[in-house]
Structures are given as C-alpha cells and as structure tokens.
Q: 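Before I ask anything, here is the structure I am working with.
In this text, all values refer to a predicted model and were calculated from it rather than measured experimentally. Note that these values count all heavy atoms, side chains included, but never hydrogens, waters or copies made by symmetry.
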Amino acid sequence: GDVPAAAGLPEAAGARGDGDAAEVPEDLLCPVLHTLFRDPVVNAVGNTYERGALLRVGRRAGGWVDPLTNEVFDDGTLIPNWDVRRRVQRFLDAHPGLVPDGWGDRST
C-alpha cells in the first residue's frame, strides 16, 4: 500500500499537468525541498540548493551551515547555478503540459 509522507516533509517529487505526468530527475531536485529547482544557487561549499530553502535553513548563529554536510562557513554568497537552470528548462520544454509540484506556474 501507499506509505504516508513523513510529517512536515513533501511527498515524492512529481508534477501535475494536462496528461503530461513526469517524474522529475533526481539531479534536478533540491536536496532540502525535494522539488524541482526553480532558482538554483551554489553556496560557498559548492553544493546546489533552491535559493529560498538555503536562505531559510542555511543561516545559523556564527555563520552559514551547509544543509547536507553541516559544514560551517562564513561566506553567505549565493551564486546562480545556470547549468542546473538550463537543464530544468530543457526538462520543462520536453514536458510542455507539466507544472512542477510546489510551482504555481511554469515560469523560471
């Protein structure tokens, strides 16, 4: 049977659309939100996250923390990850009726 999503965590990533259901490739999912990247950024450690997720969970007293590695660093600079953004756009172009989970529309 179906296993319910853990409390407070999103269900498996997917999408809705006009008959254009598609599973989002794992490498296009934010490791914090588990949804398709919309505004992917790279932190000082070199990992990519959705900007909003990193701004919510990455800032801690005394610096920034990488959500995957728990590495603490001082530089809060976030650099747009244009490669991931282009791959997301190619995925959306290949699935024209798809609106990713967590997105109100298809704009990137």
Q: So Phe91 and Leu28, do their side chains get closer than 4.5 Å, heavy atoms only?
A: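 Yes, their side chains come closer than 4.5 Å.
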Q: About how many Å separate CD of Glu50 and CZ of Arg56, when rounded to the nearest 0.5 Å?
A: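 With rounding to 0.5 Å, CZ (Arg56) is 8.5 Å from CD (Glu50).
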Q: Quick one: does Tyr49's side chain get under 4.5 Å of Pro67's, heavy atoms only?
A: yes
Q: Is the shortest heavy-atom distance from the side chain of Gln89 to the side chain of Arg85 under 4.5 Å?
A: no
Q: If we only count heavy atoms from C-beta on, is the Pro100 to Leu98 side-chain gap below 4.5 Å?
A: yes
Q: Within the 4.5 Å heavy-atom criterion, are Leu55 and Trp64 side-chain neighbours or not?
A: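 They are in side-chain contact.
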Q: Going from CG on Leu36 to CG on Leu92, what distance comes out if it is rounded to the nearest 0.5 angstrom?
A: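 Going from CG on Leu36 over to CG on Leu92, the span is 6.0 Å.
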Q: Is there a continuous path of hydrophobic side-chain contacts, each under 4.5 Å between heavy atoms, that joins Val57 to Leu68?
A: yes
Q: Looking only at heavy atoms, what is the nearest atom pair of Asp27 and Phe37, with distance?
A: O-CE1, 4.0 Å
Q: Please determine whether side-chain contact (heavy atoms from CB on, under 4.5 Å) holds for the pair Val41 and Asn43, giving the CA-CA distance in whole Å, both sets of side-chain angles, and the decisive distance to 0.1 Å.
A: CA-CA 7 Å; Val41 293; Asn43 66 8; over 6 Å; no
Q: Of all the heavy-atom pairs spanning Thr77 and Asp75, show the shortest one and how long it is.
A: OG1-OD1, 2.6 Å
Q: Using a distance-only test with no angle check, is there a side-chain donor-acceptor pair under 3.5 angstrom linking Thr35 and Asp101?
A: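 No, because no side-chain N or O of Thr35 sits under 3.5 Å from a partner of the opposite role on Asp101.
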Q: Measure from the side-chain N and O atoms of Asp66 to the backbone N and O of Asn70, and report whether any donor-acceptor pair falls under 3.5 Å.
A: no
Q: Would you check if Arg51 and Pro80 make a side-chain contact, meaning some heavy-atom pair closer than 4.5 Å?
A: yes
Q: Which value, rounded to the nearest 0.5 Å, describes the distance between His95 atom NE2 and Arg90 atom CZ?
A: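 Taking NE2 in His95 and CZ in Arg90, the distance rounds to 13.5 Å.
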Q: Indicate yes or no: at least one non-hydrogen side-chain atom of Leu78 is less than 4.5 angstrom from one of Val42.
A: no
Q: Could you tell me whether the side chain of Trp103 reaches within less than 4.5 Å of the side chain of Arg38, counting heavy atoms only?
A: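 A side-chain contact under 4.5 Å exists here.
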